[in-house]
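Here the structure comes first, spelled out in structure tokens, and everything after it is commentary.
Every value quoted in this text rests on a predicted model; they were computed, and no experiment measured them. Residue numbers count from 1 along this sequence.
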Amino acid sequence: MVTYEEPSIIGQWGNSAWLGTFNVPFWQVRSFEGWANNVLLSSDSAFKTNVQTMDSATSKLMLLRPVTYDHSAGITDNTPKERRESIIEGGKDQMGLIAQELLDVYPSLVHDKGNGELAVDYISLIPVLISAIQEQQAEMEKLKSKIE
């Protein structure tokens, strides 16, 4: 008996994803970049439990080391010369964090790709940045009131 499966995008590591069903993928998409006009992430309170206000975001952010780098993931010995050049050119002058360093401060933002390589959930870093700005703003307001 064959059962119907809703077609979906099945993510794979290494800049690719399969389009199709879990058991029968029918198209592989490979990309070094992802482009979209709008990306929405579910954030409804109905799906959240154990909600707690973040604290000490500023002090934790001060432990992070933002870096610039050239990214060369996806290049193998079998990568054709023109594709290799495209990957190298597309990966120049990137900005980010080193996953192994972020692991010490925010382990929940670091994920193992399944092959020992680590990936960073940069989108989930946004609430930390907002919390740090709020902390700094409160401190500025406090200092402002002392000056007055």
Side-chain angles (χ1 to χ4, degrees), residues 6-22 25-147:
E6 189 68 35
S8 61
I9 298 174
I10 303 162
Q12 300 288 312
W13 297 107
N15 302 326
S16 69
W18 287 96
L19 303 178
T21 65
F22 186 74
F26 57 85
W27 194 291
Q28 185 180 29
V29 178
R30 295 186 59 81
S31 177
F32 192 71
E33 295 179 345
W35 292 64
N37 290 333
N38 195 10
V39 176
L40 301 175
L41 303 175
S42 177
S43 190
D44 194 290
S45 65
F47 305 118
K48 297 179 181 183
T49 60
N50 195 24
V51 176
Q52 299 174 26
T53 302
M54 231 179 257
D55 62 348
S56 304
T58 305
S59 61
K60 282 184 144 184
L61 281 178
M62 296 307 292
L63 299 173
L64 302 181
R65 182 175 68 105
V67 297
T68 61
Y69 58 93
D70 294 339
H71 197 276
S72 61
I75 296 177
T76 67
D77 292 340
N78 298 328
T79 304
K81 182 182 179 200
E82 59 278 352
R83 178 68 181 135
R84 178 185 305 268
E85 291 170 359
S86 173
I87 291 171
I88 290 169
E89 187 60 35
K92 286 186 178 179
D93 302 321
Q94 301 291 309
M95 292 179 260
L97 302 167
I98 304 297
Q100 287 81 353
E101 295 174 8
L102 184 61
L103 196 56
D104 294 334
V105 182
Y106 287 108
S108 64
L109 299 182
V110 179
H111 302 274
D112 190 314
K113 290 181 168 185
N115 61 0
E117 294 176 15
L118 300 179
V120 173
D121 178 3
Y122 284 101
I123 289 177
S124 292
L125 193 56
I126 293 171
V128 177
L129 300 173
I130 292 169
S131 180
I133 291 169
Q134 291 171 336
E135 288 173 17
Q136 290 178 342
Q137 186 64 38
E139 184 67 22
M140 286 190 287
E141 294 297 326
K142 191 167 125 179
L143 293 172
K144 186 177 173 183
S145 69
K146 281 184 179 182
I147 291 171

Find the distance between [atom1] ([X]) and [atom2] ([Y]) and round it off to the nearest 0.5 Å.
X      : Y      : atom1 : atom2 : result
Ser131 : Lys60  : OG    : NZ    : 10.5 Å
Leu102 : Leu125 : CG    : CG    : 7.0 Å
Ser42  : Asp44  : OG    : CG    : 6.5 Å
Met95  : Tyr122 : CE    : OH    : 11.0 Å
Leu118 : Leu109 : CG    : CG    : 12.5 Å
Met54  : Glu135 : CE    : CD    : 9.5 Å

**Report entry** Step-by-step side chain to side chain contact (heavy atoms under 4.5 Å, CB included) determination, Val67 to Leu97
**Finding:** CA-CA 6 Å; Val67 297; Leu97 302 167; 5.9 Å; no
Are any of the side-chain heavy atoms of [X] and [Y] separated by less than 4.5 Å?
X      : Y      : result
Asp93  : Tyr69  : no
Glu117 : Asp112 : no
Gln136 : Thr58  : yes

Query raised in the report: Taking all non-hydrogen atoms of both residues, which atom of Ala132 and which atom of Leu61 are closest, and how far apart?
Result: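 Heavy atoms only, the tightest pair is CB-CD1, 3.3 Å.
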**Report entry** Ser124 (side chain) donor-acceptor with Asp121 (main chain) under 3.5 angstrom
**Finding:**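 Not a single qualifying donor-acceptor pair exists.
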**Report entry** Heavy atoms of other groups near Leu143 CG, more than 12 under 6.0 Å
**Finding:** yes
Report task. For a side-chain contact (heavy atoms from CB on, under 4.5 Å) with Leu64, tell me which candidate from Val128, Asp104, Ile98, Val105 qualifies. Result ->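 Answer after filtering Val128, Asp104, Ile98, Val105: Val105.
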Query raised in the report: Knowing that exactly one of Glu141, Glu139, Gln134 qualifies, which makes a side-chain contact (heavy atoms from CB on, under 4.5 Å) with Gln137?
Result: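 Result for side-chain contact (heavy atoms from CB on, under 4.5 Å) with Gln137: Glu141.
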